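Here is the structure we will look at.
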Number of protein chains: 2
Amino acid sequence: MEFLGSASDASCITRARRRQAYDDSTEFKSKNLHAERRRRQKLSDRLLTLRSLVPIITNMNKASIIEDAITYVEVLQRDVKILSDQLLEMESTSEEKEIPIRIDDQINNAADDQEMKTNGIEEDVEVTKINGKKLWMKIVFEKKRSRFTKLLEAMTYLGFEMTDTNVTTFKGAILVSASVERTYEDTLEVQETKELIQQIIRSI
Amino acid sequence: MEFLGSASDASCITRARRRQAYDDSTEFKSKNLHAERRRRQKLSDRLLTLRSLVPIITNMNKASIIEDAITYVEVLQRDVKILSDQLLEMESTSEEKEIPIRIDDQINNAADDQEMKTNGIEEDVEVTKINGKKLWMKIVFEKKRSRFTKLLEAMTYLGFEMTDTNVTTFKGAILVSASVERTYEDTLEVQETKELIQQIIRSI
DNA sequence: CGTGACACGTGAGCC
DNA sequence: TGGCTCACGTGTCAC
């Protein structure tokens, strides 16, 4: 009647061991045999779920599982610390930022406005093809506060990747030339990209 | 002569069990007895160090230790996700919230660190005087995500005004040259400005 | 008394 | 072959 090793494995740690046969009579000894089995299985299950949470695997050993979990917890704690530090720093700088900037912001804008009206800077967007995935572009637009930053953010958000960027400002105008390719697109059409960039510039 | 259970405990899990006495002769059986002892002790040690990393304690059980570690890892993963989401949201200057895909946030951080150390682009800051209020500067530093934007923000916040700016990126490096004057200062010292810029670059 | 948790020694599979 | 890991059953404390 020995149904031994019945529910102990069914896990990827267990390597399917069997127990040798007992005498069918006698020898049904310890009372906490089933309890011990349940305890072991519970511990193995816990170990498995812990295992499933840790992304980096070195070995399937019990000790290695715990070791990987240890290093992973340390990495996570470090990440949380770094991220919360960055967040606090950004929050504090953005709070302090508002008051002192507004003063010269108005001055700059006013000066730029006058210069813009007299000079009359005209926007220009030129796009030429380098190869199927890569384009070269030249953009001229009017210099206004943080407009170039917003352009960068918009292009990054839209999946454009800019390399060999060159930015020059001169008397109220910004000239940007760069190689550009789109991260997730196979092809990049000239006219389409040009219109997209013009749309970005008008919206910022 | 039975000095039994000699090196098995010495841990706060073990509850100081002793072993029953053997016959002093014979019965020294299995070959892997010591190896098994080492294995068990290593596993217990790992479990203890894992235990020491987890702040919330429910029980001193082995299973409970792993259980607590599991919930703690889940909490840490959730925190990392929330923090990185907030950080991304703040970086993209409000408005449209994208759904961040970042699973491998810690991998990216590690990769960035390694890349910085291996490549080792050397920073360079040169500042020369144009006149009493105006300087010319050249900055070379390693290209990292939104680092130029942060440089602009920092310099704007510190009251620097940049004109005739020229930015060029090339193979992981950024070169910035610009005329600069400080809005609220009468004079602008070369060495002081250079150190300030170096400080900005190191902090971003 | 029972229940739960633990370390122990051991046979066996794997590389 | 031997080293390593595993599940197993058991004795034994503590509550």
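To find a chain, count down the sequence lines: A is the first, B the second, and so on, and within it residues start at 1. All values reported here derive from a predicted model rather than from experimental measurement.
Atom CG in A:Asn61 sits about 12 Å away from atom P in C:dC15, given to the nearest Å. Nucleotide C:dA5 holds its P atom 8 Å from the CG atom of B:Asn59, rounded to whole Å. The NZ atom of A:Lys42 sits 9 Å away from the P atom of C:dG4 (whole-angstrom rounding). One interatomic measurement links the two molecules: NE2 of A:His34 to P of C:dG4, which rounds to 14 Å at whole-angstrom precision. Rounded to whole Å, the distance from CZ on B:Arg39 to P on C:dG9 is 14 Å. Look at CD on B:Gln41: it is 15 Å from P on D:dC4, rounded to the nearest Å. We find that CD1 of B:Ile65 is positioned 12 Å from C1' of C:dC6, with the value rounded to whole Å.
Closest to the side chain of A:Leu33, out of D:dT5, C:dA7, D:dG9, is D:dG9. Distances were taken from every side-chain heavy atom of B:Lys62 (C-beta onward) to each of C:dA5, C:dA7, D:dT5; the shortest belongs to C:dA7. Checking C:dC6, D:dT5, D:dA7 against the side-chain heavy atoms of A:Ser44 singles out D:dA7 as nearest.
Looking at every heavy atom in both residues, B:Ser179 comes nearest to B:Ile130 through OG-CD1, 4.1 Å. Nearest approach of A:Leu43 to B:Ala63, heavy atoms of both residues: CD1-N, 4.2 Å.
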Query - Derivation and outcome, salt bridge (Lys or Arg N to Asp or Glu O under 4.0 Å), residues B:Glu36 and B:Arg40 - result: CA-CA 6 Å; B:Glu36 179 66 15; B:Arg40 273 199 294 263; 3.5 Å; yes
Report task. Check the pair A:Asp79, A:Val75 against side chain to side chain contact (heavy atoms under 4.5 Å, CB included), reporting the backbone distance first and the verdict last. Result -> CA-CA 6 Å; A:Asp79 285 358; A:Val75 169; 3.9 Å; yes
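The residue among A:Glu36 and B:Asn32 whose nearest nucleotide of DNA chain C lies closer to the 5′ end is A:Glu36.
The side chain of A:Arg37 places an N or O atom within less than 4.0 Å of a non-bridging phosphate oxygen (OP1 or OP2) of D:dG9. Using a 4.0 Å cut-off, no side-chain N or O of B:Lys31 falls inside it from OP1 or OP2 of D:dC4.
In this structure C:dC1 sits in no base pair that meets the Watson-Crick or G-U test at under 3.5 Å.
One donor-acceptor pair, N or O on each side, does fall under 3.5 Å between the base of C:dG9 and the side chain of B:Arg40. Between the side chain of B:Arg38 and the base of D:dG3 there is no donor-acceptor pair of N/O atoms closer than 3.5 Å.
Distance alone, capped at 3.5 Å, places no donor-acceptor pair between the B:Ser44 side chain and the B:Gln41 backbone.
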